[in-house]
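See below for the structure under consideration.
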Amino acid sequence: MLVAYRNVNQLWAFVLTETLKRLGLTCAVICPGSRSTPLTVAFAQQVPDIEAISILDERSAAFFALGVAKATGRPVALVCTSGTAGANFYPAVIEAKESRVPLLILTTDRPPELRDCHSGQTIDQVKLYGSYPNWQTELALPAANIEMLAYLRQTVIYAWERTQTPSKGSVHFNIPFRDPLAPVPDGTDFQFDSEAFFAAVTNTLPILHSQFPIPQVWQNCDRGIIIAGVAQPQNPEDYCRAIATLSQTLQWPVLAEGLSPLRNYADLNPHLISTYDLILRNQQLAKQLAPEMVIQVGDMPTSKELRTWLSSTQPQRWVIDPSDQNLDPLHGQTTHLRISVDELEITEINKNNSLSEYLQSWCIAEAKVRVAVDQTMGKMEDSFEGKAAWLLSQTLPAGTPLFIANSMPVRDVEYFWQPNNLKVRTYFNRGANGIDGTLSTALGISHGQQSSVMLTGDLALLHDTNGFLIRNKFIGHLTIVLINNNGGGIFEMLPIAKFDPPFEEFFGTPQDIDFAQLCAAYSVQHELITSWEELQRKINPLPSKGIRVLELQTNRKADAKWRQENLKKFVVEVVFDF
């Protein structure tokens with residue numbers, strides 16, 4: 001098809017967006033601004049093949065895009081104008097790097113002659129995000145000739161690949177435009193055959209599979225453990241089956257992080273250990289269960305008890321993950337296998353069918369502690385915030401996408417999330433572990449998906465209330481289970497909590513917000529939950545559209561005291577003799 005253009009910026013933007021469409025881009029998040037006009041118009045013209053979503057606040061927009069990319073596993077484009085607009089993307093770019101999420105950042109800029117001369121809305125945007133993108137470049141100024149358009153096409157293809165290999169992450173394009181920015185004739189008169197030009201663009205990437213035989217030393221070890229760490233794979237059931245096969249072949253227990261999908265596919269793995277954080281609080285038992293070898297799949301779990309135990313016992317360790325990142329924060333005797341767990345070539349091992357004493361000990365400890373946790377939580381009538389995570393693990397509709405905010409919610413999931421077969425899809429921002437963009441990320445994950453839930457504290461929600469501005473663009477439903485303890489509960493667990501002042505003002509930081517009024521300002525539904533039974537009724541079934549806040553008010557200091565007094569008690573009587 002012959003395409004004619006009378007404006008060089010729109011020609012340039014068309015080639016960029018058309019290439020992305022053919023590569024497989026389906027979503028672009030666009031922040032308002034003048035310098036980005038050519039890209040905004042070009043993306044709007046790609047609707048409905050590319051969903052174009054306008055979001056006012058750049059930080060919220062970036063985390064919304066991050067959430068969409070988490071849910072779909074595909075890159076999302078993020079567009080802004082020149083100046084400080086792009087700086088607001090920075091927290092999400094960091095999180096994309098650390099949690100390996102594909103984003104294509106398109107910051108528009110003034111041309112070189114308008115830089116370093118106090119031209120308005122101009123900052124140094126080259127390498128704006130430091131070392132956090134997988135790759136970054138400044139595009140050439142738009143030009144209406146086939147050689148430069150071919151350069152643009154191939155650069156976009158390469159950028160698309162770099163968002164996904166060797167590890168997923170962001171790519172940053174800084175894109176200068178001269179005036180006129182609107183699609184008015186500028187003297188350009190250019191025609192080209194678009195079908196022939198884009199024929200080389202493919203929407204697939206080469207997928208390299210290689211089978212890796214499991215090391216012989218694993219097969220000869222009876223005191224080994226598998227750690228299923230923080231993970232949000234695109235195919236969680238296949239991921240869980242691969243780990244289960246490895247576990248049953250080696251007859252090693254699987255210590256499954258609360259943010260791993262394994263706890264939501266519990267029947268696949270008979271050797272699943274969900275209470276290891278509590279088990280390891282018994283120092284005698286922790287010493288008795290010390291492993292000789294450890295296989296860590298993905299990122300290290302959240303548990304400080306587990307990390308301390310591994311550091312003190314110093315087992316030989318392997319990390320299985322296809323990324324090129326160093327996933328060993330403990331700096332132990334570690335070998336990185338740069339493959340996915342389903343690429344392990346697992347063969348039958350002639351082991352005795354009876355379980356080893358070591359594996360039996362782990363399973364017995366898990367059974368006893370699990371019963372103690374479930375009985376304690378089941379009888380609890382007080383509004384202890386940890387019970388919310390326990391209830392969600394049993395009550396959510398099957399397959400629900402669940403975003404878990406940082407600080408105390410991820411830890412309560414670690415402590416209390418009960419193994420189940422609900423196939424709940426858990427999401428989180430555990431790359432940089434910040435509270436930036438909590439609401440916006442959850443909305444991005446929920447957008448166009450099954451009715452979803454977010455578990456969050458009050459400060460994480462307040463840090464991103466501009467995310468509510470997305471409500472008119474949002475398709476689907478998000479229920480926000482808000483644990484309102486009026487401050488930073490995570491800091492109550494730290495030594496600084498004993499020093500007040502300055503603790504309450506500078507660490508507890510109570511905000512004294514009436515969330516009913518806050519939600520009313522954004523036309524978001526709000527309900528105050530006064531019993532655990534009411535919470536269960538409200539989260540199953542879930543509504544089909546809109547945003548809703550279910551607020552559960554708790555006592556921050558009482559909850560911290562409960563954890564300090566009770567977490568060690570679950571495993572007091574479980575001790576083995578080897």
Side-chain angles (χ1 to χ4, degrees), residues 258 264 373-405 407-413 415-418 420 422 424-426 438-439 442-443 446 450-462 465 468 471 476-487 489 510-563 566:
N264 301 310
V373 170
D374 293 344
Q375 288 180 346
T376 300
M377 292 291 107
K379 295 176 182 177
M380 182 178 290
E381 295 296 331
D382 296 338
S383 57
F384 169 60
E385 63 190 35
K387 184 168 180 175
W390 183 78
L391 277 178
L392 288 175
S393 70
Q394 304 160 66
T395 312
L396 287 172
T400 299
L402 170 68
F403 185 81
I404 303 164
S407 296
M408 282 317 304
V410 296
R411 287 162 176 82
D412 283 335
V413 166
Y415 303 148
F416 304 118
W417 191 269
Q418 186 184 77
N420 61 73
L422 295 176
V424 170
R425 296 198 60 150
T426 52
T438 296
L439 174 59
L443 287 167
S446 309
Q450 178 179 343
S451 294
S452 306
V453 172
M454 176 172 79
L455 176 64
T456 183
D458 53 306
L459 294 189
L461 182 62
L462 289 171
T465 52
F468 282 131
R471 70 194 186 284
H477 173 76
L478 177 66
T479 284
I480 300 165
V481 178
L482 168 62
I483 308 297
N484 181 11
N485 59 22
N486 197 23
Q511 301 299 305
D512 302 311
I513 295 296
D514 185 329
F515 279 94
Q517 292 185 8
L518 176 68
C519 291
Y522 288 99
S523 299
V524 169
Q525 182 182 351
H526 172 277
E527 298 179 47
L528 184 64
I529 302 300
T530 58
S531 72
W532 296 115
E533 293 75 18
E534 184 182 8
L535 177 62
Q536 287 179 289
R537 290 195 302 271
K538 295 293 184 180
I539 60 177
N540 193 349
L542 292 168
S544 59
K545 60 182 180 179
I547 304 172
R548 175 181 64 164
V549 173
L550 303 180
E551 179 183 358
L552 180 69
Q553 296 179 350
T554 68
N555 185 302
R556 172 163 39 98
K557 295 189 180 296
D559 287 350
K561 183 179 179 181
W562 190 96
R563 291 189 189 91
N566 290 279

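Worth saying up front: this structure is predicted, and the values here are computed from it rather than measured. Scope of the values below: all heavy atoms of this structure, side chains included, with no hydrogens, waters or symmetry mates. The first residue of the sequence shown is numbered 1, and numbering continues consecutively from there.
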task: Any chance you could lay out the side-chain contact (heavy atoms from CB on, under 4.5 Å) test for Met380 and Trp562, step after step, and finish with the verdict?
output: CA-CA 12 Å; Met380 182 178 290; Trp562 190 96; 3.5 Å; yes
query: Are Asn420 and Leu396 close enough, and set up right, to give a side-chain contact (heavy atoms from CB on, under 4.5 Å), and what steps lead you there?
result: CA-CA 11 Å; Asn420 61 73; Leu396 287 172; over 6 Å; no
field: Candidate pair Phe416 and Lys387, rule side-chain contact (heavy atoms from CB on, under 4.5 Å), full reasoning
entry: CA-CA 8 Å; Phe416 304 118; Lys387 184 168 180 175; over 6 Å; no
- request: With side-chain contact (heavy atoms from CB on, under 4.5 Å) as the test, would you mind laying out the steps for Leu535 and Ile529 before giving the verdict?
  value: CA-CA 6 Å; Leu535 177 62; Ile529 302 300; 3.9 Å; yes
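Around NZ of Lys557, the count of heavy atoms belonging to other residues, nucleotides or ligands within 6.0 Å exceeds 12.
Annotation: side chain of Val413 is in contact with side chain of Leu455 (closest heavy-atom distance under 4.5 Å). Between Leu482 and Thr456, some side-chain heavy-atom pair lies under the 4.5 Å cut-off. Between Leu462 and Ile513, some side-chain heavy-atom pair lies under the 4.5 Å cut-off. Side-chain contact check for Val549 versus Phe468: some heavy-atom pair is nearer than 4.5 Å. Using a 4.5 Å cut-off on side-chain heavy atoms (C-beta onward), Val453 and Val424 make no contact. Leu478 places none of its side-chain heavy atoms less than 4.5 Å from the side chain of Arg548. A 4.5 Å side-chain heavy-atom check between Ile483 and Met408 finds every atom pair outside the cut-off. Proximity of Met454 to Thr438: side-chain heavy atoms (C-beta onward) are separated by under 4.5 Å at one or more points.
Between Trp532 and Ser383, the closest heavy-atom pair is CZ2-CA, 3.8 Å. The shortest non-hydrogen separation linking Leu391 to Thr395 is O-OG1, 2.7 Å. Taking all atoms of both residues into account, the shortest heavy-atom contact from Ala460 to Ala405 is CB-CB, 4.3 Å. Looking at every heavy atom in both residues, Arg556 comes nearest to Gly487 through NE-CA, 3.7 Å.
Distance CD/Gln394 to CH2/Trp417: 9.5 Å, rounded to 0.5 Å. Note that the OG1 atom of Thr479 and the CD atom of Gln525 stand 8.0 Å from one another [nearest 0.5 Å]. Leu439 contributes atom CG, which lies 4.5 Å from atom CG of Leu443 (distance to the nearest 0.5 angstrom). Between the CD1 atom of Ile539 and the OG atom of Ser451 there is a distance of 13.0 Å, given to the nearest 0.5 Å. With rounding to the nearest 0.5 Å, the separation of CD in Glu527 from SG in Cys519 is 10.5 Å.
The main-chain N or O of Ile480 is never found under 3.5 Å from a side-chain atom of Glu551 such that the two would form a donor-acceptor pair. Thr400 places a side-chain N or O within donor-acceptor distance of the main-chain N or O of Pro397, the cut-off being under 3.5 Å. For the pair His477 (side chain) and Ser544 (backbone), a donor-acceptor distance under 3.5 Å is absent. A donor-acceptor pair under 3.5 Å links the side-chain atoms of Arg471 to the main chain of Tyr522, judged by distance alone. Of the possible polar contacts, none joining the Ser452 side chain to the Leu402 backbone as a donor-acceptor pair under 3.5 Å is found. Without hydrogens or angle criteria, Asp382 side chain to Phe384 main chain gives no donor-acceptor distance under 3.5 Å. For Asn484 (side chain) and Leu552 (main-chain N/O), no donor-acceptor pair under 3.5 Å exists by modelled atom type.
Side chain to side chain, Glu534 and Gln536 fail the donor-acceptor criterion of an N or O pair below 3.5 Å. Counting only N and O atoms by type, the side chains of Asn486 and Asp512 include a donor and acceptor under 3.5 Å apart. Side-chain N/O atoms of Gln418 and Ser393 include no donor and acceptor closer than 3.5 Å. Using a 3.5 Å distance cut-off with no hydrogens or angles, the side chains of Gln511 and Asp458 do not pair a donor with an acceptor.
A salt bridge is defined here as a Lys NZ or Arg NE, NH1 or NH2 lying under 4.0 Å from an Asp or Glu carboxylate O, and Asp412 with Arg563 meets this definition.
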